[in-house]
Number of protein chains: 2
Amino acid sequence: MTDQPPVSPRKRLTASKTPRPKGAARVPSASAQDRRLRMIESKRASILQAALELFSRFGLHGTSLDQVATQADVSKTNLLYYFGNKEELYTNVLRQLLEVWLQPLQAFSVEQDPVEAIRDYLRVKLELSRDHPAESRLFCMEIMQGAPLLLGELQQPLHDLVENKVAVIQTWIDAGKLAPIAPHHLIFSLWATTQHYADFRVQVEAVAGKTLDDPAFFEETLKSLQALILDGVRPR
Amino acid sequence: MTDQPPVSPRKRLTASKTPRPKGAARVPSASAQDRRLRMIESKRASILQAALELFSRFGLHGTSLDQVATQADVSKTNLLYYFGNKEELYTNVLRQLLEVWLQPLQAFSVEQDPVEAIRDYLRVKLELSRDHPAESRLFCMEIMQGAPLLLGELQQPLHDLVENKVAVIQTWIDAGKLAPIAPHHLIFSLWATTQHYADFRVQVEAVAGKTLDDPAFFEETLKSLQALILDGVRPR
DNA sequence: GTCTATAATATGATAGAC
DNA sequence: GTCTATCATATTATAGAC
C-alpha cells in the first residue's frame, strides 16, 4: 500500500570499541568522558534524524521502530534505550522541529522596509523548503492531524509571535508603505506558497518537471513568488 | 500519541430487515431488486465516507478497519465483504476524491476575462476548502507521502490538464491581459493559498481564532486572497 | 550500553454457519 | 449478506545476560 521503506539488514560496522586493557584505570579521564558524551549525543542525533525522515514520509503509524533503528544503524532495543518508547521519540522529533520552524518569522520588524522584508522572508522560507523538506512535511502532517502533541506548546507562542508580526504589518500599512491587506492572510499566504514546494514536491515535479534542488528552478520560483506577492497579476 | 478516534461500540440499530413470510415468492420483484441495489450502494457510500474522514485525519496506518466500520455503523467483517481489503478501501476513497479534486481547474478558458477567471477560481477552491476539508487533507497527505497510489493514474492527466491551463494563462499574458508571471507558479499559488485554510485549519484557528465555517471570515479570506493575487501588497 | 529472547497486543484477514 | 469465531502477523516493549 503506502510506499514503505525497505527494511534492509542494518550494516554492522559497529564502531570498533577498542577494549580497555586489563589493569587500566577504571575511572575514565575527563576527555574520555567527553568522548563518551559526544558519542551518545551523536547517536541520539542520528536516531532523531532517521526518525524525522521516516515519520515525515510515512507518518507516525506508518513507520516502525525497526525501520528507524535500521536507518539510524542501531538495533531496535538500543534505540529503546535512548528513547523510552515510540511516543517519546516522536515528541522529541517534533520539539527539535519547532526550533527550526518558528525562526524565520522572528526577523520581521518595523524598522525594515516592508518590500525588502517580504522579499527576504520568501527567500528564507523557500530555502527552508529546499533544505529541510522533511521538517516541512512533518509539521504539515502534525497540523493536519490536529496537532495533538504540538498544539499544547505551540498555540500560545505561535499566537503571540503572529500577533506581534500582525502589528508590524499594520504599522507598515498605516504608514502607507504597504497596500491595505489583512495581515493574517498575508502571513498565511507567505507560508502556504513557500511550503507548497516542499510538501507538494512530487506534484510540483509531476507538473513542472523540476524541484527546488534545481538552482534555476529555485530562482525562477523565488522571483515568481516575489513578483506575485508584491505586485499581483493584474497588469498595471 | 497521535490523537486517536475513540473506538466506541457500534450503535446496533440494525435496520430491521422485515423477514420474508414463509411461502412468499423467492424471485424478487424489479422494485425489490432496485431497493436492494440502492441499499448496497448507500452502504458502500457510508463506508467510503467514514473511511475518507478517518484516513484524512489519522492517515492510512493510523486508522484501523475497526474504526472505519464503527463510524460507518457496520461490522468489520461486513466492511470486508464490501471492500476485499484495506488497500482496496483506500484506493476507492482516493479514486472518488480525485473526481472532486480536478474539477475546478477545468473551468479556465481563453474566452474568460483573466481577472474574473482568477476571482472565480479562488472562490470555488476556497469553497472546496470549507465544504470538503477531508478531501483536501487526504489529497495533501497522499501527495506528501509520494502519492504511491495516486501518482500512477494522476501524473499524466494532471500534467496534461495543467499544461492546457498554462497555455491559457500564457495567451492572456501575450494579449497583455495579465502581468508576465510564470504560469506554473501562479497555479501553484492559487492551490497553495486556498488549500492552506483546509489543511492548516487548526493553525489558522490558533492564530486567527476563526475558520472558513464563519461566513464573515470566509468572505474576508476570499477578498484578501483576491486582492493579494490580483494586485499584490506593494502600494500603487 | 548493547545484545538475545520473548511477552503482550493490535489488527488485517479468513472460515464457515446461518 | 451478515454473523461469530479464529488465525496470522507485525510491532511495541520488556527481561535479563553480558
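The figures here come from the full heavy-atom set of this structure, side chains too, leaving out hydrogens, waters and symmetry mates.
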Write down the distance between [atom1] ([X]) and [atom2] ([N]), rounded to a whole number of angstrom.
X     : N      : atom1 : atom2 : answer
A:L89 : D:dT12 : CG    : C1'   : 12 Å
B:E41 : D:dG1  : CD    : P     : 11 Å
B:N78 : D:dG1  : CG    : P     : 10 Å
A:I47 : C:dG1  : CD1   : C1'   : 12 Å
A:H61 : C:dG12 : NE2   : P     : 12 Å
A:I40 : C:dG1  : CD1   : C1'   : 8 Å
A:D66 : D:dT12 : CG    : C1'   : 10 Å
A:L79 : C:dT2  : CG    : P     : 11 Å

Let me have a per-nucleotide readout for nucleotides 13-18 of chain D, 5' to 3', with B, S or -, counting only protein heavy atoms under 4.0 Å. BBB---
Which residues satisfy the side-chain hydrogen bond (donor to acceptor under 3.5 Å, both in side chains) test with A:S56, sequence neighbours excluded? A:R137
Which of D:dT11, D:dT2, D:dG1 is nearest the side chain of A:S64? It is D:dT11
Listed nucleotide nearest any side-chain atom of A:Y82, set D:dG1, D:dT12, C:dG1: C:dG1
List the atom pairs, donor and acceptor, that lie under 3.5 Å between side-chain atoms in residues 122-131 of chain B and the rest of the protein, sequence neighbours left out.
| residue | atom | partner | partner atom | Å |
| --- | --- | --- | --- | --- |
| B:K125 | NZ | B:Q195 | OE1 | 2.9 |
| B:S129 | OG | B:T194 | O | 2.8 |

Hits for ring pair (Phe, Tyr, Trp, His ring centres under 6.0 Å) against B:F55, two or more places apart or cross-chain, chain-then-number order -> B:Y90
Looking at the rings of A:F188 and B:Y197, which for Trp means the six-membered one, are their centres under 6.0 Å apart? yes
Could you work out, with side chain to side chain contact (heavy atoms under 4.5 Å, CB included) as the rule, every residue matching A:N85, not counting sequence neighbours? A:E87, A:E88
Would you kindly say whether A:E163 and A:H184 are connected by a side-chain donor-acceptor distance under 3.5 Å? yes
Ignoring backbone atoms, establish whether A:Y81 has a side-chain N or O less than 4.0 Å from OP1 or OP2 of C:dT2. no
I need the full list of ring-ring contact (aromatic ring centres under 6.0 Å, His included) pairs touching residues 123-155 of chain A, with sequence neighbours left out, sorted by first then second residue. A:W101-A:F139
